[in-house]
Enquirer: 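Got a structure for you, questions after.
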Amino acid sequence: MRKASKKRRPLIGIFDSGVGGLTVARAVRLACPGADLIYFGDTARVPYGTKSRPTIKRYTGQILNFLLRKKVDIIVAACNTASALGLPSHRSKVPVPLVDVIGPACGTLVERLSSGRVAVLATRSTVRSGAYRSQIHSLNPRLRVTEIPCPLSVPLVEEGMTQGSLVRKVIDLYLDKGRHQD
């Protein structure tokens, strides 16, 4: 008589350059309540937004290899900088589905906005990559995209500060700079 095998729960690997991606992990937990999660926050090397493309590629590859050794079924890159600069060179080599944050964010944006201006606040590296502009324009070339480096946002998010007057002042500072870029 064969013993019934216990089916393993799906295992989702999520990573970010720090702890900001925990918001993504919470959303994944709500969307996939039957799955187990592994979260890798690279707090030893945060922020990624000031690092070179080769460094970000190397860090991303190291984290992907770590998660693959854990036998994950899917990987979610909750880091904009890794999504923009690290994933493209690794995507074809990863044997499980690999989800980044740029595609879904841009898809949702374009579904809700048919024309007008879009301001993207991101790390310097993400802005230099042009990943958001490229993705948004591939979905809707009529949108005017301004990408604005926002280096003060990383320490705020890493400290868990996502609301309040200080956060609003930082956002307003960068949006004001973005208005003068045009």
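It should be emphasised that the depicted structure is a prediction, and the values quoted were computed from it without experimental measurement.
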Enquirer: Which atoms form the tightest heavy-atom contact between Arg124 and Pro149, and what is the distance?
Expert: CG-CB, 3.7 Å
Enquirer: Would you say that more than 12 heavy atoms from the other residues, nucleotides or ligands in this model lie under 6.0 Å from the NZ of Lys70, or not?
Expert: no
Enquirer: For Ser89, does its backbone N or O pair with a side-chain atom of Ser92 as donor and acceptor, under 3.5 Å?
Expert: no
Enquirer: Measure the shortest side-chain to side-chain distance between Pro10 and Ile74 over non-hydrogen atoms and say whether it is less than 4.5 angstrom.
Expert: no
Enquirer: Do Val24 and Leu98 belong together in a cluster built from hydrophobic side chains that touch within less than 4.5 Å?
Expert: no
Enquirer: Please walk me through it: do Leu139 and Cys106 pass side-chain contact (heavy atoms from CB on, under 4.5 Å)?
Expert: CA-CA 8 Å; Leu139 298 169; Cys106 292; 4.2 Å; yes
Enquirer: Are Val170 and Val154 co-members of a hydrophobic cluster defined by side-chain heavy atoms under 4.5 Å apart?
Expert: no
Enquirer: Please determine whether the number of non-hydrogen atoms from other residues, nucleotides or ligands lying under 6.0 Å from atom CD of Gln62 exceeds 12.
Expert: yes
Enquirer: Answer yes if Leu11 and Ile14 sit in the same cluster of Ile, Leu, Val, Met, Phe, Trp and Tyr residues linked by side chain heavy atoms under 4.5 Å apart, and no otherwise.
Expert: no
Enquirer: For a 4.5 angstrom cut-off between non-hydrogen side-chain atoms, does Pro54 reach Tyr59?
Expert: no
Enquirer: Can you tell me how far CG of Leu85 sits from OG of Ser125, rounded to the nearest 0.5 angstrom?
Expert: 6.0 Å
Enquirer: With side-chain contact (heavy atoms from CB on, under 4.5 Å) as the test, would you mind laying out the steps for Asp73 and Val96 before giving the verdict?
Expert: CA-CA 6 Å; Asp73 299 300; Val96 299; 5.8 Å; no
Enquirer: If you look only at pairs with a residue in residues 14-41, which of them pass as a ring pair (Phe, Tyr, Trp, His ring centres under 6.0 Å), with sequence neighbours excluded?
Expert: Phe40-Phe66
Enquirer: According to a 4.5 Å side-chain heavy-atom criterion applied to Ile, Leu, Val, Met, Phe, Trp and Tyr, with indirect links allowed, do Leu109 and Tyr132 form part of one hydrophobic cluster?
Expert: yes
Enquirer: Nearest 0.5 angstrom please: Ile63 CD1 to Leu68 CG, how far?
Expert: 12.0 Å
Enquirer: Of the non-hydrogen atoms in Val167 and Met161, which two are nearest, and what is the gap between them?
Expert: CG2-O, 3.6 Å
Enquirer: Out of curiosity, Leu175 CG to Cys150 SG, how far, rounded to the nearest 0.5 Å?
Expert: 8.0 Å
Enquirer: Does one side chain, of Thr81 or Thr126, offer a donor that lies under 3.5 Å from an acceptor on the other?
Expert: yes
Enquirer: How long is the span from the CG atom in Leu173 to the CG atom in Leu121, to the nearest 0.5 Å?
Expert: 10.0 Å
Enquirer: Let me know which of Arg128, Arg117, Arg133 forms a salt bridge (charged side-chain N to carboxylate O under 4.0 Å, His left out) with Glu147.
Expert: Arg133
Enquirer: Under a 4.0 Å threshold between the charged nitrogen and the carboxylate oxygen, would Asp172 count as salt-bridged to Lys169?
Expert: no
Enquirer: Hey, are the side chains of Val72 and Ile38 touching, using non-hydrogen atoms and a 4.5 Å cut-off?
Expert: yes
Enquirer: Tell me, with the steps shown, if Val118 and Thr146 meet side-chain contact (heavy atoms from CB on, under 4.5 Å).
Expert: CA-CA 6 Å; Val118 175; Thr146 303; over 6 Å; no
Enquirer: Can you see which heavy atom on Asp100 is nearest to which on Pro104, and at what distance?
Expert: O-CD, 3.1 Å
Enquirer: Side chain of Arg29, backbone of Ala35: donor and acceptor closer than 3.5 Å?
Expert: yes
Enquirer: Identify the heavy atoms of Ser83 and Ala77 that sit nearest to each other, and give their distance.
Expert: OG-O, 3.5 Å
Enquirer: Please determine whether side-chain contact (heavy atoms from CB on, under 4.5 Å) holds for the pair Ile12 and Val76, giving the CA-CA distance in whole Å, both sets of side-chain angles, and the decisive distance to 0.1 Å.
Expert: CA-CA 7 Å; Ile12 301 171; Val76 178; 4.1 Å; yes
Enquirer: Indicate, with yes or no, if Val101 and Ile148 share a hydrophobic cluster defined by side-chain heavy-atom contacts under 4.5 Å among Ile, Leu, Val, Met, Phe, Trp and Tyr.
Expert: no
Enquirer: What's the shortest heavy-atom distance between Gly86 and Thr60, and which atoms?
Expert: CA-OG1, 3.6 Å
Enquirer: Using only heavy-atom distances, determine whether the side chains of Asp42 and Tyr48 contain a donor-acceptor pair under 3.5 Å.
Expert: yes
Enquirer: Identify whether the distance between the nearest side-chain nitrogen and carboxylate oxygen of Arg8 and Asp36 falls below 4.0 Å.
Expert: no
Enquirer: Considering all heavy atoms of both residues, which atom of Leu64 and which atom of His90 are nearest to each other, and what is their separation?
Expert: CD1-CB, 3.5 Å
Enquirer: Within the 4.5 Å heavy-atom criterion, are Asn80 and Thr123 side-chain neighbours or not?
Expert: no
Enquirer: When rounded to the nearest 0.5 angstrom, what distance separates NZ in Lys57 from CG in Leu87?
Expert: 11.5 Å
Enquirer: How many angstroms lie between atom OG of Ser114 and atom CZ of Arg142, to the nearest 0.5 angstrom?
Expert: 6.0 Å
